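Just the heavy atoms: all of them, side chains too, but no hydrogens, waters or symmetry mates, feed the values below. All values reported here derive from a predicted model rather than from experimental measurement. Whatever order the structure lists ligands and atoms in, that order sets their numbers, starting from 1.
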Amino acid sequence: MSAAGLLTVRGLVAGYGAAPVLHAVDLRVPRGAIVAVVGANGAGKTTLLRSLSGMLPLTAGRITLDGEDLRGVPVEQLVRRGLAHVPEGRGVVAELTVDENLRLGGLWRRDRADAARALDEVYQLFEPLARRRRQLGHQLSGGERQMLALGRALVGRPRVLLLDEPSLGLAPRVVAQIMALLRQLRDGTGLTVLLVEQNVRSALSVADQGVVMALGRVVATAPAARLRDDEDLRHAYLGF
Ligand code: ATP
């Protein structure tokens, strides 16, 4: 793991209007690690991911990917550099088939042969998608839609996956599958993941590092296992 981190954030200030939502957020996502960002509703987790993926402009601060400054880089370029954002609500195109949705994830890639390989790999990884490749997005279950959103991001061979609430609305069994898959991707391909979750237990069970946010600030950063066991912190910020 690089000491500097693959993705680093320093003094990030961002929001939607005059008053910032994020206040001087610092974060380091080591290469090949899963970092979980947890915290109460409205803590600023989604806003953080939006800022990282270029959907929201920064008011102040610095974001680097592998040492390169990302400030002002257009969203499309961020994707090409390896940042993939799977937003909350997942953004699956309901009128397109599973196959068409997945191919969208690789449309921008020049290396067509590798895009095809990546597509095959996603079908191997998500067997339910392979069985439903001709079905339309709206015909899928919630868990399948989450797989599809994740799969579409993977077709682009990202270096860092920004994942917003993958467990939202899913049954515990499906959540466990998704978390196991993230671990498999990290261990098998060295994928780096920044995972935002309301489902704190699940997130900390799969993550290497945990980051606790409250009111737009990072209030704790620690190995995930330590956060899981820290009763004071859990009571103060995580509600269990
Ligand atoms: P949740 O899990 O509920 O989504 P969160 O930690 O992801 O919580 P954010 O969604 O980032 O929190 O919200 C942080 C703050 O920003 C909240 O006060 C919220 O009201 C505000 N906010 C979020 N989206 C917008 C928006 N599009 N316009 C204005 N304010 C927003």
For atom 8 (O) of ligand 1, the protein heavy atom that lies nearest, with its residue and separation: G42 N, 2.8 Å
Atom 2 (O) of ligand 1 [closest protein heavy-atom partner, distance rounded to 0.1 Å]: Q198 NE2, 2.6 Å
Less than 4.5 Å apart, any side-chain heavy atom of L181 and any of Q184? yes
So for M213 against ligand 1, with non-hydrogen atoms under 4.0 Å, the contacting part is neither
Which of the numbered atoms in ligand 1 are under 4.0 angstrom from any heavy atom belonging to T47? 9 (P), 11 (O), 13 (O), 14 (C)
Under 4.0 Å from a heavy atom of R50: which atoms of ligand 1 are those, numbered in the order shown and with their elements? 24 (N)
Does any part of the side chain of R62, heavy atoms only, come nearer than 4.5 Å to the side chain of D69, both counted from C-beta? yes
Could you state the interatomic distance from CD (Q177) to CG (L170), rounded to the nearest 0.5 Å? 9.5 Å
Kindly compute the distance separating CG (L140) from CZ (R132), expressed to the nearest 0.5 Å. 7.5 Å
Between R103 and D99, is the closest basic N to carboxylate O distance under 4.0 Å? yes
Do L52 and V160 have side-chain heavy atoms sitting under 4.5 Å apart? no
Could you measure the distance from the CG atom of L163 to the CD atom of E197? Nearest 0.5 Å is fine. 8.0 Å
Does some non-hydrogen atom of the protein lie less than 4.0 angstrom from atom 20 (O) of ligand 1? no
If we check side-chain contact (heavy atoms from CB on, under 4.5 Å) with R50, which of these qualifies: D164, L162, L56? L56
Nearest non-hydrogen protein atom to atom 26 (C) of ligand 1, with distance, is Y16 CD2, 3.4 Å
Taking a cutoff of less than 4.0 Å between a non-hydrogen atom of the residue and any ligand atom, is A40 in contact with ligand 1? yes
Which residue and atom name correspond to the protein heavy atom nearest atom 10 (O) of ligand 1, and how close is it? T46 CB, 3.6 Å
shortest atom 12 (O) of ligand 1-to-protein heavy-atom contact is with G44 N, 3.2 Å
In ligand 1, the atoms that come under 4.0 Å of a heavy atom of E165 are 2 (O)
Under 4.0 Å from a heavy atom of A43: which atoms of ligand 1 are those, numbered in the order shown and with their elements? 5 (P), 6 (O), 12 (O)
Closest protein heavy atom (residue, atom, distance) for atom 3 (O) of ligand 1: N41 OD1, 3.1 Å
Nearest to atom 16 (O) of ligand 1, what protein heavy atom do you find, and at what distance? V21 CG2, 3.4 Å
Is any side-chain heavy atom of L191 closer than 4.5 Å to a side-chain heavy atom of L154? yes
